[in-house]
Amino acid sequence: MPISVAVDGPVGAGKSTIARAAAARLGFVYCDTGALYRAVGLYCVRQEIIDDKDKIEECLDDISVSLRIVNGYQKVYLNGDDVSAEIRFPAISMAASTVSAIPAVRNALLGIQRKIAEENDVIMDGRDIGTVVLPDADVKIFLTAKAEIRAERRYTELRKKGVKTTYEQVLDDLKRRDYNDTHRAAAPLRLAEGAKLADTSELDFEQSVDLICGIIEDTVNAE
Ligand code: DC
């Protein structure tokens, strides 16, 4: 049976960069499940139906979302088109948060995620991986950091990509998404049973990767 590692946590905790580096170090596939919600969000923004829950539910049959690993990097496809770059725009972050609160959207994306874990040693990051998607994951980690620190990191990342924004805007957006993600009725973000808490507020990137790899190795070796 392949080994599965669930990494959940709030926006901007560094889940994707830390989990990707840990996966590369340990020889696991890395899967960023937020990209799936972002792809659905992008479709709804393009169709101008993001404010209409019924239409979002109806359009699910018209959407095909898939993940592929190309040269070690995850690419996200929406109806056959590579949308990996477009889904990272801030407007799509909020759209992803909106669609992710709809149970039909979550159900539609469940099979894709479970199949990846059935076929690969995987580190999968998201909000509900340890609670819903892979409740029997071999290792569960809740990765977090203080909101201000997460906002600072995300702001620096967006600036590097040339996205025009302010720290205050990023912090505000992050707090709103934290609220949405933890208060929604469908699979809210919470600490999964048996999850280890990893707070990276005081850690740099390498230290965070060391922490995650240490938790994974200790847990797998103890089994
Ligand atoms: O991790 P991210 O910022 O790319 O995620 C985008 C949105 O998708 C975020 O608001 C929460 C949601 N999401 C989710 O509900 N469940 C997941 N497994 C992953 C992301």
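Remember, predicted model here, so these are calculated numbers, not experimental data. Each residue takes its place number in the sequence, starting with 1.
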Check: For Val122, does its backbone N or O pair with a side-chain atom of Asn120 as donor and acceptor, under 3.5 Å?
Finding: no
Next item on the list: Work out which heavy atom in Gln207 is nearest to a heavy atom in Glu202; give both atom names and the distance.
Entry: OE1-O, 4.2 Å
Check: With a 4.5 Å limit on heavy-atom distance, are the side chains of Arg176 and Met94 in contact?
Finding: yes
Note to self: Keeping Asn180 on the side-chain end and Ser97 on the backbone end, is there a donor-acceptor pair under 3.5 Å?
What the structure shows: no
Next item on the list: May I ask you to check whether Tyr37 and Arg106 show a side-chain donor-acceptor distance below 3.5 Å?
Entry: yes
Note to self: Determine whether Asp128 and Leu189 satisfy the following criterion, side chain to side chain contact (heavy atoms under 4.5 Å, CB included), listing intermediate values before the conclusion.
What the structure shows: CA-CA 6 Å; Asp128 63 337; Leu189 172 65; over 6 Å; no
Item checked: Within one Ile-Leu-Val-Met-Phe-Trp-Tyr cluster: Leu42 and Ile102, side-chain cutoff 4.5 Å -> yes
Next item on the list: Could you walk me through whether Arg177 and Ser93 pass side chain to side chain contact (heavy atoms under 4.5 Å, CB included), step by step?
Entry: CA-CA 9 Å; Arg177 285 210 285 149; Ser93 303; 3.6 Å; yes
Note to self: Using the rule that Ile, Leu, Val, Met, Phe, Trp and Tyr join whenever any side-chain heavy atoms are under 4.5 Å apart, tell me whether Met124 and Val65 fall into a single cluster.
What the structure shows: yes
Note to self: Closer than 3.5 angstrom, by distance alone: can the side chain of Asp121 be matched with the main-chain N or O of Phe28 as a donor-acceptor pair?
What the structure shows: no
Margin query: Are Val105 and Ile92 linked, directly or through intermediate hydrophobic residues, by side-chain heavy-atom contacts shorter than 4.5 Å (ILVMFWY only)?
Written below: yes
Next item on the list: Kindly compute the distance separating OG (Ser64) from CD1 (Ile112), expressed to the nearest 0.5 Å.
Entry: 7.5 Å
Check: About how many Å separate NZ of Lys115 and CG of Leu110, when rounded to the nearest 0.5 Å?
Finding: 14.0 Å
Item checked: Working for salt bridge (Lys or Arg N to Asp or Glu O under 4.0 Å), residues Lys53 and Glu57 -> CA-CA 6 Å; Lys53 186 171 170 284; Glu57 286 184 6; 3.2 Å; yes
Next item on the list: State, with a plain yes or no, whether a side-chain heavy atom of Tyr77 is found less than 4.5 Å away from one of Val83.
Entry: no
Notebook entry, point to check: Counting distance only, does the side-chain N/O of Asp173 pair as donor-acceptor with the main-chain N or O of Gln169 below 3.5 Å?
Noted result: no
Note to self: Looking only at the side chains, is there a donor atom on one of Arg184 and Ser100 sitting less than 3.5 Å from an acceptor on the other?
What the structure shows: yes
Check: Would you say Arg88 and Arg38 make side-chain contact, with heavy atoms under 4.5 Å?
Finding: yes
Notebook entry, point to check: Given Lys146 and Glu152, is the salt bridge (Lys or Arg N to Asp or Glu O under 4.0 Å) satisfied, shown in steps?
Noted result: CA-CA 10 Å; Lys146 290 192 188 81; Glu152 185 66 50; over 6 Å; no
Checklist line | Check: Val220 and Val139 side chains under 4.5 Å, non-hydrogen atoms | finding: yes
Check: In Å and rounded to the nearest 0.5 Å, what is the CG to OH distance from Leu67 to Tyr30?
Finding: 10.0 Å
Check: Of the non-hydrogen atoms in Val76 and Ser84, which two are nearest, and what is the gap between them?
Finding: N-OG, 3.0 Å
Note to self: Checking side-chain polar atoms at under 3.5 Å, does Thr200 have a donor or acceptor matched by the opposite partner on Arg153?
What the structure shows: yes
Check: For Thr131 and Arg190, what are the C-alpha separation, side-chain angles and deciding distance, and is it a side chain to side chain contact (heavy atoms under 4.5 Å, CB included)?
Finding: CA-CA 8 Å; Thr131 51; Arg190 62 179 175 78; 3.8 Å; yes
Next item on the list: Kindly work out whether a path of hydrophobic side-chain contacts (I/L/V/M/F/W/Y, heavy atoms less than 4.5 Å apart) joins Val45 to Val163.
Entry: no
Notebook entry, point to check: Taking all atoms of both residues into account, what is the closest heavy-atom pair of Leu78 and Tyr43, and its distance?
Noted result: CD2-CB, 4.0 Å
Note to self: How long is the straight-line distance from CD1 of Ile116 back to OG of Ser66, given to the nearest 0.5 Å?
What the structure shows: 9.5 Å
Next item on the list: Kindly give the heavy-atom pair with the smallest separation between Ile18 and Ser208, and that separation in Å.
Entry: CD1-CB, 3.5 Å
Note to self: Would you say that Met1 contacts Asp136 through its side chain, given a criterion of any heavy-atom pair below 4.5 Å between the two side chains?
What the structure shows: no
Next item on the list: Look at the side chain of Lys140 and the backbone N and O of Gly130, then say whether any donor-acceptor pair between them is shorter than 3.5 Å.
Entry: yes
Note to self: Apply salt bridge (Lys or Arg N to Asp or Glu O under 4.0 Å) to residues Arg150 and Asp178 and explain how you reach the verdict.
What the structure shows: CA-CA 11 Å; Arg150 290 186 279 127; Asp178 274 358; 2.8 Å; yes
Next item on the list: Step by step, work out the salt bridge (Lys or Arg N to Asp or Glu O under 4.0 Å) result for Arg25 and Asp210.
Entry: CA-CA 10 Å; Arg25 197 189 284 181; Asp210 288 346; 2.9 Å; yes
Next item on the list: Heavy atoms only: give me the nearest Tyr155-Tyr167 pair and the separation to one decimal.
Entry: CE1-N, 3.5 Å
Next item on the list: Supply the atom-to-atom distance Ile215 CD1 to Ile141 CD1, rounded to the nearest 0.5 angstrom.
Entry: 4.5 Å
Note to self: Does Tyr179 have more than 12 heavy atoms from other residues, nucleotides or ligands lying within 6.0 Å of its OH?
What the structure shows: no
Item checked: Asp125 side chain vs Asp8 backbone, donor-acceptor pair below 3.5 Å -> no
Checklist line | Non-hydrogen atoms of Ala6 and Ala137 that approach each other most closely | finding: CB-CB, 4.0 Å
Check: In Å and rounded to the nearest 0.5 Å, what is the CG to NZ distance from Leu191 to Lys196?
Finding: 11.0 Å
Check: Are Ile212 and Val29 in one and the same hydrophobic cluster, where Ile, Leu, Val, Met, Phe, Trp and Tyr link if side-chain heavy atoms are under 4.5 Å apart?
Finding: no
Check: Hey, does the side chain of Asp204 reach the backbone of Glu206 with a donor-acceptor pair shorter than 3.5 angstrom?
Finding: yes
Check: Does any non-hydrogen side-chain atom of Cys213 lie less than 4.5 Å from one of Leu26?
Finding: yes
Check: Any side-chain heavy-atom pair from Val99 and Ile50 closer than 4.5 angstrom?
Finding: yes
Notebook entry, point to check: For atom CD of Glu119, is the number of surrounding heavy atoms from other residues, nucleotides or ligands below 6.0 Å larger than 12?
Noted result: yes
Notebook entry, point to check: Does the pair Gln113 and Cys31 meet the rule for a side chain to side chain contact (heavy atoms under 4.5 Å, CB included), with working shown?
Noted result: CA-CA 8 Å; Gln113 300 170 81; Cys31 176; 5.6 Å; no
Check: Looking just at side-chain N and O atoms, do Asp199 and Thr144 make a donor-acceptor pair shorter than 3.5 Å?
Finding: no
Check: Is there side-chain contact between Arg159 and Arg154, with at least one heavy-atom pair below 4.5 Å?
Finding: no
Margin query: Counting only heavy atoms from other residues, nucleotides and ligands, does the tally under 6.0 Å from CZ of Phe89 exceed 12?
Written below: no
Check: Counting distance only, does the side-chain N/O of Lys15 pair as donor-acceptor with the main-chain N or O of Pro10 below 3.5 Å?
Finding: yes
Checklist line | side-chain hydrogen bond (donor to acceptor under 3.5 Å, both in side chains) partner of Arg127, the single match among Thr33, Thr182, Asp181 | finding: Asp181
